[in-house]
Amino acid sequence: MKTLGGFAGKILYVDLTQKTIKTGALDPDMAKKFVGGLGLTIKLAYDRIKPGTDPLSPDNPVVIGAGPLVGTDIPSSSRVYAVTKFPASGTIGWCGAGGVTFGCMFKNAGYDHLIIEGQSDKPVYLKIIDHKVELCDAGELWGKGILDTCETLKMSDGRQGGVISIGQAGENRVTFSMAYVDGIATLGRGGFGAVLGAKKLKAIFVKGSQGIDVADQERYESLKNELLQTIQGYRYLKEWQSLGMLKSFPAVPVETYEKIKKRRIACVSCPLGCKDVVEIKDGRFKGLVARSSSAINLFTPLAYGFTDYREAVKLIATLDEYGLDMFEFFGVMNFAAALFKNGVIPEKENIPEIAMDSLESMEIWAGKIAGREGIGRILADGFAGMLDTYKKDAEDYAPALVKGMHPYTGPDSALPWDLFGTMELGQIMDFRGPHVGSGGSPTYFAKRPLDVFPRHLKRMGVPDPAIARILPDPGAPEDEQNLKIGSLLKYSHRWFSILGSLGICARAQVNRFYNAELCAALYEAVTGIGTDIDQLRLRADRVWTLYKMANVREGVGRNAESIPERWVRHPGFKNYVSEKPVTREEIEQMITDYYMEQGWDTATGIPKAETLKKLGLEDH
Amino acid sequence: MSRYQILVFPENCTGCMRCMLSCSRQYFKIFNPAISRICVQLSGIDCAITFTDECNHCGICADGCFFGALSKQVEEKTK
Ligand code: SF4
Ligand code: SF4
Ligand code: SF4
């Protein structure tokens with residue numbers, strides 16, 4: 001019998017080695033302690049990952065989860081999270097995606113979490129239809145691309161289901177391969193695809209009809225209606241629905257986008273929608289259909305020298321089909337080109353010659369990497385693998401790296417944003433490697449006047465004394481005004497934990513409609529677990545500190561938060577307020593501020609005993 | 001209760017499933033797309049929006065669609 005609203009109530013355990021499938025009840029006390037979704041996924045992974053485990057070994061478990069709001073019609077409550085040990089960084093990390101239909105279907109099948117252990121001896125896919133769960137032969141699917149696999153499974157059983165699939169890159173354990181949710185939302189930069197590939201798990205198909213209930217119907221209805229009204233009243237709603245991320249990042253002129261726009265796609269319950277299906281209308285790729293977690297991604301090759309947007313779309317469609325992370329792919333290709341040019345890799349291997357602006361060259365190299373052909377087998381191991389092979393000779397040519405991966409934003413990254421805010425610091429401080437997902441705050445992309453900060457910080461649930469610590473002292477002279485990015489990042493992480501644990505999308509265009517108090521009220525109304533804002537904040541801190549502890553066990557302390565030299569060399573990042581070049585000392589201070597705010601030791605980065613006690617994590 | 005003709009514009013549909021969630025909640029007191037009376041099947045480009053025989057044309061699904069893929073038109077009034 002269900003005791004909590006929102007939660008489906010069960011955990012599904014799959015052992016690929018033993019080929020056993022079991023279900024267990026979700027422990028309501030644990031759900032309460034770790035909120036659900038991201039939080040509970042971290043907890044379940046913490047309990048299972050043995051320190052020192054090889055990410056691609058059978059011993060590395062994968063835990064997947066969807067929060068208690070997923071499956072309800074609270075706007076954009078769609079998220080799916082996974083936690084495992086990642087091959088690119090060697091750290092334990094979260095990865096998450098818009099749940100499209102998968103999250104909702106998974107919950108409707110009766111599960112909040114899925115725990116996958118072991119390794120199959122032959123390719124399989126997991127088929128979950130309510131309580132009927134089976135491991136099926138994936139011999140026919142192995143070798144297929146992401147979308148191909150997704151399409152084969154999605155409609156295979158009456159009403160559509162949800163699919164997580166990997167492509168050839170995941171099968172061949174490329175350390176920058178990802179999995180995709182419903183063929184459109186990317187899951188797991190840093191080699192989540194490789195982790196599934198090593199397990200020979202090609203896909204997960206899920207469909208369910210159990211239904212999701214909420215505890216307090218009346219309160220739910222009133223909170224939801226208020227929220228829907230706010231969204232309906234948002235003056236840029238129509239523009240967002242029509243342009244998606246292109247509204248904020250005009251990667252191509254609107255006319256170009258409109259010409260190829262075929263359909264906008266939204267995850268379950270999302271009134272905004274940021275995903276796209278496009279169709280090329282002319283030229284040699286006429287008729288090519290591509291999907292993307294956002295149309296702006298399809299135009300990324302334009303930043304690397306492509307001049308024809310149609311070729312850019314074609315390349316990204318190819319990378320998506322293999323399941324390759326495009327940012328890491330471009331970084332690795334640039335690095336390889338420099339190594340060829342300087343004779344570190346013998347020129348005879350440079351076939352075809354790497355040309356960052358050539359579709360033909362890039363597509364062939366993508367195939368060589370995804371299939372580990374020729375020198376592609378070394379490139380497939382990412383920066384870490386290349387540095388390991390070519391050692392000192394290669395180091396000088398490597399771009400800025402954090403935990404062995406190429407950051408999203410930075411002086412030589414794909415997003416050449418140069419102000420140093422929480423997202424930028426977050427690329428160092430998230431244990432999973434350089435990711436911007438958890439570091440959101442008002443410092444996100446556009447520079448905002450400081451007087452709008454208090455409103456946003458309050459919304460994120462930052463308490464008043466902390467706001468005073470973070471914002472510049474109004475009495476200080478203008479040239480000493482500073483924003484404490486390190487302290488603020490703690491609250492970004494907390495806010496991300498809250499949203500992720502409930503199941504709400506953290507994208508800026510969505511989370512603008514939410515605030516911490518509303519989240520506590522929604523959680524209480526949906527689950528029936530008494531929760532005020534302070535309790536929610538405490539539980540979210542518990543989640544992030546446990547995430548830290550999982551990595552402390554792996555030896556990830558302050559030593560791992562390395563600052564790339566390139567970031568502090570001119571022209572590098574700039575201070576968010578003064579716009580003066582950021583120095584190494586400044587960033588070190590931000591890291592110290594962050595630890596202090598978290599209650600972690602400033603020298604080692606390890607959570608202090610008193611912090612663990614306060615968070616009820618003494619036994620961890 | 002008013003009854004409506006529900007017009008569908010599948011080209012505008014994003015697959016957000018809000019319509020299915022609203023319908024199942026209204027008639028079965030639970031969020032469950034599998035039993036809703038409206039069924040949206042979206043596979044990339046193609047989208048089919050269909051209704052089961054039990055649909056009573058109440059229009060609640062159309063009220064919840066944010067993307068203009070459903071619209072309701074007054075069909076007849078009953079007490
Ligand atoms: S904003 Fe995008 S990722 Fe987030 S829920 Fe909506 S469609 Fe999904
Ligand atoms: S609510 Fe509208 S856009 Fe969403 S699935 Fe239903 S018809 Fe499509
Ligand atoms: S019109 Fe009413 S009964 Fe018919 S599908 Fe829509 S909500 Fe359900």
Side-chain angles (χ1 to χ4, degrees), chain A residues 6 70-78 100-101 104-105 107-109 130 147 150-151 154-155 158-161 182-184 207-214 217 220-221 228 231-232 237-238 241-242 244 262-279 289-291, chain B residues 1-2 4 6-72:
Chain A
V70 178
T72 71
D73 66 348
I74 293 299
S76 315
S77 54
S78 74
V100 201
T101 52
C104 173
M105 283 295 135
K107 291 281 300 285
N108 269 282
D130 293 312
L147 206 52
C150 175
E151 290 300 287
K154 199 168 177 63
M155 302 289 188
R159 282 192 181 196
Q160 72 187 15
D182 291 316
I184 198 164
K207 219 171 66 154
S209 57
Q210 307 295 302
I212 297 297
D213 218 346
V214 300
Q217 306 275 350
Y220 176 91
E221 213 44 39
L228 287 175
I231 297 174
Q232 249 138 5
L237 179 64
K238 282 268 158 297
Q241 290 177 325
S242 162
K262 190 80 187 168
R263 184 184 296 285
R264 309 235 54 248
I265 302 280
C267 297
V268 65
S269 79
C270 181
L272 292 123
C274 66
K275 313 202 178 299
D276 282 277
V277 180
V278 304
E279 183 180 357
V289 173
R291 307 171 198 208
Chain B
M1 188 185 82
S2 302
Y4 301 91
I6 314 290
L7 303 180
V8 301
F9 304 93
E11 65 279 12
N12 293 340
C13 178
T14 60
C16 77
M17 297 163 88
R18 291 196 69 86
C19 51
M20 296 196 267
L21 295 171
S22 311
C23 180
S24 60
R25 178 120 200 280
Q26 178 71 19
Y27 295 103
F28 303 97
K29 302 276 169 270
I30 195 159
F31 293 110
N32 189 348
I35 55 172
S36 81
R37 297 166 178 178
I38 178 169
C39 176
V40 175
Q41 302 272 63
L42 177 71
S43 152
I45 290 193
D46 301 320
C47 172
I49 303 176
T50 51
F51 297 85
T52 66
D53 293 343
E54 288 77 40
C55 168
N56 65 10
H57 300 252
C58 71
I60 282 173
C61 52
D63 293 340
C65 177
F66 267 79
F67 296 96
L70 302 172
S71 102
K72 60 181 193 187

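For clarity, every value in this text was computed on a predicted model and none was experimentally measured.
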Given heavy-atom pairs under 4.5 angstrom as the criterion, report whether the side chain, backbone, both or neither of [X] touches chain A.
{"X": "B:Cys65", "result": "neither"}
{"X": "B:Cys13", "result": "both"}
{"X": "B:Ile35", "result": "backbone"}

Could you look at [X] and say if it's the side chain, the backbone, both or neither that has a heavy atom under 4.5 Å from chain B?
{"X": "A:Gln217", "value": "both"}
{"X": "A:Asp73", "value": "both"}
{"X": "A:Leu147", "value": "neither"}
{"X": "A:Cys150", "value": "neither"}
{"X": "A:Val268", "value": "both"}

Taking C-beta and beyond as the side chain, do [X] and [Y] meet within less than 4.5 Å on heavy atoms?
{"X": "B:Ser36", "Y": "A:Arg159", "answer": "yes"}
{"X": "A:Thr101", "Y": "B:Leu42", "answer": "no"}
{"X": "B:Asn12", "Y": "A:Gln241", "answer": "no"}

Query raised in the report: When only pairs under 4.5 Å are counted, which of B:Glu11, B:Met20, B:Lys29, B:Gln41 shares the most heavy-atom pairs with chain A?
Result: B:Gln41

Query raised in the report: Taking every heavy-atom pair that is under 4.5 Å apart, which of A:Ser269, A:Ser242, A:Cys267 has the most such pairs with chain B?
Result: A:Ser269

